[in-house]
Number of protein chains: 2
Amino acid sequence: MENRNSTLKAIADRLGLNVATVSRALHGSPLVRPETRDQVLNVAAELRYRPNKSARNLVQGRNGTRFIGVLIPDLIHQFFFGVLKGIVQELKSESYSLMVFNIASDRATVVNRIMDEAPDGLMVFFYGLEQEERQHIRECRFPFVYVDYMSPVDPCCYMDNFEGGRIAATYLLERGVRRPFFVGTTADTQQQRSRLEGFSSVFAAEGISDIGKKFIEIEEPASCALTTEILEADSYDGIFYFCDELAYGGIKAIRQTGKCLPIVGYDDLPMSEILRLSTVRQDSEQLGRSSASLMIDLVRTGTWTQDMDPGSVGSKIIKLSPQLIVRDT
Amino acid sequence: MENRNSTLKAIADRLGLNVATVSRALHGSPLVRPETRDQVLNVAAELRYRPNKSARNLVQGRNGTRFIGVLIPDLIHQFFFGVLKGIVQELKSESYSLMVFNIASDRATVVNRIMDEAPDGLMVFFYGLEQEERQHIRECRFPFVYVDYMSPVDPCCYMDNFEGGRIAATYLLERGVRRPFFVGTTADTQQQRSRLEGFSSVFAAEGISDIGKKFIEIEEPASCALTTEILEADSYDGIFYFCDELAYGGIKAIRQTGKCLPIVGYDDLPMSEILRLSTVRQDSEQLGRSSASLMIDLVRTGTWTQDMDPGSVGSKIIKLSPQLIVRDT
DNA sequence: CTGAAAGCGCTTACAG
DNA sequence: CTGAAAGCGCTTACAG
């Protein structure tokens with residue numbers, strides 16, 4: 001029950017003034033007698049007057065402050081922090097604020113909420129969208145860009161996960177691994193599939209097609225337990241973890257069991273350096289910056305995705321490369 | 001040069017229709033002939049028509065979607081991520097979006113931008129506000145709450161830093177420390193002052209008033225170098241770091257020099273567990289959740305800070321306690 | 001210093 | 001099915 005806001009008119013009536021005068025008083029115009037102003041201010045406070053933003057924007061010819069929307073899932077993954085940081089950094093030199101929409105809040109209505117808000121652009125940072133939701137977004141009346149998601153037909157900024165998988169495989173291969181294992185997550189994402197494909201392709205080229213796999217929640221204990229199993233079974237001689245967070249569990253297991261084999265993570269989170277984890281680095285901040293930069297470009301040029309011709313989308317797709325970081329594992 | 005948006009009228013004129021019809025067509029009203037609708041849709045696309053949100057909101061009597069603003073500095077500190085995560089989590093069960101304002105974007109205008117946006121509430125998460133800026137915010141026409149900042153006269157949700165300092169001191173004291181050192185940061189914040197006061201008070205009670213101090217940037221190498229100096233000078237027998245990120249440098253220095261002394265950090269970032277750092281834990285997510293919850297309470301009850309009487313502010317102040325985590329350092 | 005009036009762009013009864 | 005009109009709450013010339 002949102003109690004109806006009081007209006008200029010309410011204040012004016014109360015004081016026997018005209019709305020124009022009230023408006024002026026509220027804006028500290030010099031064209032109003034101090035006593036009048038004070039009266040107005042008092043009544044305004046009493047009535048808890050809040051100006052109607054829409055009315056003001058309408059008359060002033062601006063469509064509200066400019067802002068970019070970002071659609072994310074709950075901030076579950078450390079990696080998101082870097083991305084968000086990059087976005088915020090890039091946006092700060094522009095006069096755009098950032099509106100965060102949480103897909104986990106109310107999945108069914110969030111896209112409508114976004115449309116209501118009509119952001120100047122939308123950055124979609126969520127892997128699990130349904131086809132229908134994608135289409136819905138594509139039809140929106142503002143530009144959008146996928147962040148960390150590869151789409152051949154939409155503007156996007158993504159990390160080359162296939163290449164990342166290849167890098168990990170090559171590293172393990174060079175360290176003598178012949179029976180590789182992949183520890184993934186239960187979320188079947190494009191990222192994971194690509195990494196695994198890239199990873200497999202390298203081993204396949206060496207005639208190694210039998211890759212162990214298991215998919216678990218991103219939790220250190222789970223990963224530690226799984227790694228311990230792997231170590232004890234002794235059937236694999238190297239592990240590629242979908243992400244560093246999983247690899248940390250691996251490090252722990254290796255320490256505990258005293259056994260040793262090459263492992264490689266993914267992301268290069270801050271703590272990986274300290275743990276001396278070899279990993280495939282994704283520069284999350286750069287991803288954020290590049291995405292935001294692309295977004296702003298689209299907004300400035302008014303490039304609605306829905307009426308871009310397929311040929312020109314290509315120039316709006318940014319691929320960033322991961323990088324091997326060799327440390328002690 | 002924001003090119004003026006085309007309006008309903010533009011479309012109507014182009015087709016010799018009335019704006020009402022165009023409006024209906026755009027909303028898929030059944031009261032419009034399919035052919036007319038298609039024409040309208042085509043012209044709308046061609047003209048890149050975007051409805052004026054302000055006008056629509058105005059006529060529909062809603063003041064735009066509800067959202068909470070959060071004023072933050074650049075996402076520089078890991079700790080922020082947990083807080084943000086907590087806020088987003090808390091907000092998701094409510095129908096509020098989150099608008100992020102970066103104080104680092106344009107310090108001079110950001111408060112005005114916020115006022116323009118007129119959020120339903122503002123969460124201020126920034127330690128370094130000027131007195132004047134505080135006053136400005138206090139006069140805003142919406143409720144606000146300070147996050148992780150202790151104010152006796154404003155709604156706020158903060159961690160008890162004095163107590164945290166005491167906890168750290170007590171821990172070191174018990175481990176036999178008599179010549180403590182404090183490694184702080186160059187940013188002279190309320191947080192740091194309180195921690196240091198709490199820390200000092202415990203040692204003072206033991207007749208130890210000579211506490212070494214140095215203030216540096218939050219960078220691992222800097223902290224490592226400083227710690228190395230301290231270790232080599234051999235004048236201090238225990239170190240309290242303002243935050244875990246600084247303590248990590250300390251751990252490194254201890255490892256490198258082979259010398260050893262008790263150290264304690266602050267925050268309990270995820271990697272501290274793995275590094276086995278003893279630390280004073282702040283539950284950043286809880287801080288986020290509690291702050292957001294307080295914010296929503298204020299918004300719902302329409303509690304403007306500017307007209308709360310001092311007596312009742314007390315109930316709008318939430319103090320959260322840090323907690324000692326004993327590990328190997 | 002104050003008021004009456006116009007108009008921002010839209011939606012929605014009210015008439016046809 | 002379509003149009004003419006009113007009105008949302010505000011700001012700002014234009015008159016006094």
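Keep in mind it's a predicted model, so treat the numbers as computed, not measured.
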### Task
Figure out the CD/C1' separation between B/Gln39 and D/dC1, and round it to whole Å.
13 Å

### Query
Listed in order of residue number, which residues of residues 27-38 of chain A have a non-hydrogen atom at under 4.0 Å from DNA chain D?
A/His27

#### Entry: Closest to the B/Val59 side chain, choosing from D/dT12, C/dC10, C/dC8
C/dC10

### Query
Who passes side-chain contact (heavy atoms from CB on, under 4.5 Å) against B/Ser23, sequence neighbours left out?
B/Leu8, B/His27

### Task
Answer yes or no: are there more than 12 heavy-atom neighbours, outside A/Glu132 itself, under 6.0 Å from its atom CD?
no

## Note on the structure
A/Met295 and A/Pro143 have their tightest heavy-atom pair at CE-O, 3.4 Å

### Task
Apply side-chain hydrogen bond (donor to acceptor under 3.5 Å, both in side chains) to B/Asp188 and list each qualifying residue two or more places apart in sequence or on a separate chain.
B/Arg193

### Task
Please list, by residue number, the residues of residues 16-25 of chain B whose heavy atoms come closer than 4.0 Å to an atom of DNA chain D; answer none if no residue qualifies.
B/Gly16, B/Leu17, B/Asn18, B/Ala20, B/Thr21, B/Arg24

### Message
Under the rule for side-chain hydrogen bond (donor to acceptor under 3.5 Å, both in side chains), what residues qualify as partners of A/Asn102, not counting sequence neighbours?
### Response
A/Asp74

### Task
Could you name each residue pair satisfying salt bridge (Lys or Arg N to Asp or Glu O under 4.0 Å) that touches residues 28-42 of chain A, not counting sequence neighbours?
A/Arg33-A/Glu35

### Summary
Whole-Å distance, B/Asp13 CG to C/dG9 P, equals 12 Å

### Task
Using side-chain hydrogen bond (donor to acceptor under 3.5 Å, both in side chains) as the criterion, list what pairs up with B/Thr36, not counting sequence neighbours.
none

### Query
Which whole number of Å gives the distance between the C1' atom of C/dG16 and that of C/dT12?
16 Å

### Query
Can you check the A/Lys9 NZ to C/dA5 P distance for me, whole Å?
14 Å

### Query
B/Leu15 CG to D/dT2 C1': how many Å, rounded?
13 Å

### Task
Whole angstrom is fine here: how far is it from CG in A/Leu8 over to C1' in C/dG7?
16 Å

## Note on the structure
From CZ of B/Arg56 across to P of D/dC10 the rounded distance in Å is 20 Å

## Note on the structure
The side-chain hydrogen bond (donor to acceptor under 3.5 Å, both in side chains) partners of B/Asp297 (sequence neighbours excluded) come to B/Lys316

### Task
Go through the structure and list residues passing salt bridge (charged side-chain N to carboxylate O under 4.0 Å, His left out) with A/Glu133, not counting sequence neighbours.
A/Arg107

### Message
Measure CG/A/Leu26 against P/D/dC10 and give the value in whole Å, please.
### Response
9 Å

### Residue pairs, two or more places apart or on separate chains, that pass salt bridge (Lys or Arg N to Asp or Glu O under 4.0 Å) and touch residues 14-29 of chain B
B/Arg14-B/Glu46

### Summary
A/Gln60 atom CD is separated from D/dT11 atom P, nearest whole Å, by 6 Å

### Message
Suppose we screen for side-chain contact (heavy atoms from CB on, under 4.5 Å). Which residues come up paired with A/Asn42, at least two apart in sequence or across chains?
### Response
none

### Task
Under 3.5 Å for both distances, Watson-Crick or G-U wobble, that's the pair rule; now give the dot-bracket for DNA chain C, with | marking pairs to another strand and [ ] for crossing ones.
|||.||||||||.|||

